[in-house]
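All remarks here apply to the structure that follows.
It should be emphasised that the depicted structure is a prediction, and the values quoted were computed from it without experimental measurement. The sequence lines fix the lettering, A, B, ..., with proteins before strands; numbering per chain opens at 1.
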Protein chains: 2
Amino acid sequence: MAFRSVCQSQEPVTIADRMFQDLRRSILEGGMPAGKKISEPELAAAYGVSRGSLREAIGKLENCNLVTRRPNIGARIISFSIDQLMEIYQIREAMEGMAARLAAQNMTEQEVHNLQELLERHRNATTTPEQPGNNSLKHDPDLDFHFCVIQGSQNERLIRMLCQDLYDLVRFYRLRLNPGFTPKAQIEHELIVDAITRRDGEMAEVLMRHHVRASRNRAQIQLENMTPEELGVHEK
Amino acid sequence: MAFRSVCQSQEPVTIADRMFQDLRRSILEGGMPAGKKISEPELAAAYGVSRGSLREAIGKLENCNLVTRRPNIGARIISFSIDQLMEIYQIREAMEGMAARLAAQNMTEQEVHNLQELLERHRNATTTPEQPGNNSLKHDPDLDFHFCVIQGSQNERLIRMLCQDLYDLVRFYRLRLNPGFTPKAQIEHELIVDAITRRDGEMAEVLMRHHVRASRNRAQIQLENMTPEELGVHEK
DNA sequence: AGCCCCCAAATTGTCAACAATCGAACGTAA
DNA sequence: TTACGTTCGATTGTTGACAATTTGGGGGCT
């Protein structure tokens with residue numbers, strides 16, 4: 001049950017859809033550098049599609065907040081900004097806190113069981129050394145966990161807002177920082193699952209908010225130790 | 001300082017943009033019935049624009065969640081759903097709670113002062129009887145208040161997510177229900193502003209969440225007393 | 001009658017050409 | 001040299017026509 005398989009499901013039946021998914025993947029996997037301007041004729045030729053279809057795909061990317069667009073000027077991949085990352089953490093704290101509360105209330109027994117199993121797998125996986133550089137979209141333990149909790153909230157719009165829109169940005173930033181999955185995060189995950197298992201929504205929310213805030217602080221510390229070159233050199 | 005003047009600012013420089021704003025306004029003001037299918041040739045002819053530009057506008061509407069679209073089938077105005085309304089309240093509770101907390105931390109003295117004045121005007125306005133049926137987009141006291149608090153959070157993305165996306169839906173539903181501004185809401189607003197004035201972010205969040213939850217309950221009671229005809233007769 | 005297949009009309013997706021706008025290079029003048 | 005205005009190339013916005021798909025109805029078969 002990988003993240004994208006559920007959240008970005010349906011087959012692309014239309015060319016614009018396929019372009020959207022391809023470009024989205026390319027951006028999230030780092031195939032396109034942050035801040036780069038998108039040339040419509042160039043991209044359309046590269047993918048062998050018409051400019052019209054490409055423009056529709058770009059429109060969808062704009063709604064995912066992966067590109068910004070200005071009239072008569074063009075679109076460009078979003079660029080890296082620490083402030084924006086911090087803003088996203090604040091929003092995640094609020095929304096995922098609520099998601100955890102709702103998950104504790106609404107998850108089926110089966111879903112709780114799946115969540116516990118997921119955590120079990122992560123616990124074993126962290127003991128065995130994982131090869132670095134494996135920054136593929138799938139198999140990010142932290143993302144899988146959060147996705148699972150969000151899905152348990154049973155609030156369709158909340159799920160869409162988080163999984164489709166906000167988590168694209170989370171991936172975007174995560175790829176360009178370090179994958180921030182620490183042993184501490186695992187412990188926090190366990191506490192949250194405990195609360196959900198006990199159906200303690202209040203506690204689940206408190207713990208999830210604490211976890212997101214802690215992740216934010218970890219990211220902030222990490223950012224302060226990075227050189228400017230490692231951070232924001234997105235030219236062109 | 002009307003709601004839309006700030007949140008949906010810039011002039012439309014492009015035809016697709018103008019179409020988007022016109023259609024959005026039309027949907028939010030009730031000019032287009034909920035659930036109705038959108039005929040591209042018909043609408044394009046009615047507005048005297050090309051189908052391509054119209055399609056781009058529809059794409060933007062889709063991202064605002066005001067229309068839903070299925071490939072090869074077409075777009076239609078979102079339809080009325082009590083479940084969706086309740087989902088939106090849950091999300092608002094989380095996000096606006098956070099917004100209130102941030103507003104208490106980050107608002108300038110000037111902004112706090114403006115907020116207090118806004119409340120003062122509402123207090124006087126509610127004593128004088130307001131004419132019903134004036135469901136225009138501007139001058140909804142409740143929306144103005146919430147907008148002001150959200151704006152004070154200084155979190156640009158949070159502001160966009162709430163003001164641009166979610167509050168369009170709030171208006172959509174509010175127009176088709178009663179404008180739910182009760183004296184109780186005014187009192188709750190006052191308490192929130194007190195907390196913000198004291199820079200008590202924790203309390204501001206608690207009170208805002210309480211307020212949103214209370215609004216949700218008021219709406220739910222109202223919905224239970226409505227006949228099915230008043231609710232969901234959105235044919236075609 | 002009920003069901004299935006097929007066809008036609010309408011609608012949506014896609015494309016390539018045209019018009020409008022922006023950015024940069026160049027030249028000129030102070 | 002620097003600043004400004006102009007012109008040209010390139011990019012984006014817009015349009016109308018073409019291709020692919022869905023929808024609705026009519027006819028035939030069981």
Return yes if a side-chain donor-acceptor contact under 3.5 Å exists between B:Asp168 and B:Gln164, otherwise no.
-> no
A:Asp142 and A:His122 side chains, donor-acceptor separation under 3.5 Å = no
Assess whether a salt bridge exists between [X] and [Y], defined as any Lys/Arg side-chain N lying under 4.0 Å from an Asp/Glu carboxylate O.
{"X": "A:Arg209", "Y": "A:Glu96", "result": "no"}
{"X": "A:Arg171", "Y": "A:Asp140", "result": "no"}
{"X": "B:Asp165", "Y": "B:Arg160", "result": "no"}

Separation between CD1 (B:Ile58) and CD1 (B:Ile38), nearest 0.5 Å, reads 5.0 Å
CD-CZ distance between B:Glu62 and B:Arg55, expressed to the nearest 0.5 angstrom | 10.5 Å
Remember a base hit wins even if backbone is also touched, and classify B:Gly52 as base, sugar-phosphate or nothing at under 4.0 Å, heavy atoms.
-> base
Chain B reaches DNA chain C, atoms under 4.0 Å from its heavy atoms, from C:dT11 to C:dT14
Restricting both atoms to N or O, compile the protein contacts to nucleotides 8-12 of chain D shorter than 3.5 Å, with distance only.
| residue | atom | partner | partner atom | Å |
| --- | --- | --- | --- | --- |
| D:dT12 | OP1 | A:Lys37 | NZ | 2.9 |
| D:dT12 | OP1 | A:Ile38 | O | 3.2 |
| D:dT12 | OP2 | A:Glu40 | N | 3.3 |

Expressed in angstrom and rounded to an integer, what is the separation of B:Arg69 atom CZ from D:dT22 atom P?
-> 16 Å
Provide the full list of salt bridge (Lys or Arg N to Asp or Glu O under 4.0 Å) pairs with a residue in residues 43-53 of chain B, sequence neighbours left out, each pair given once.
-> B:Glu40-B:Arg51
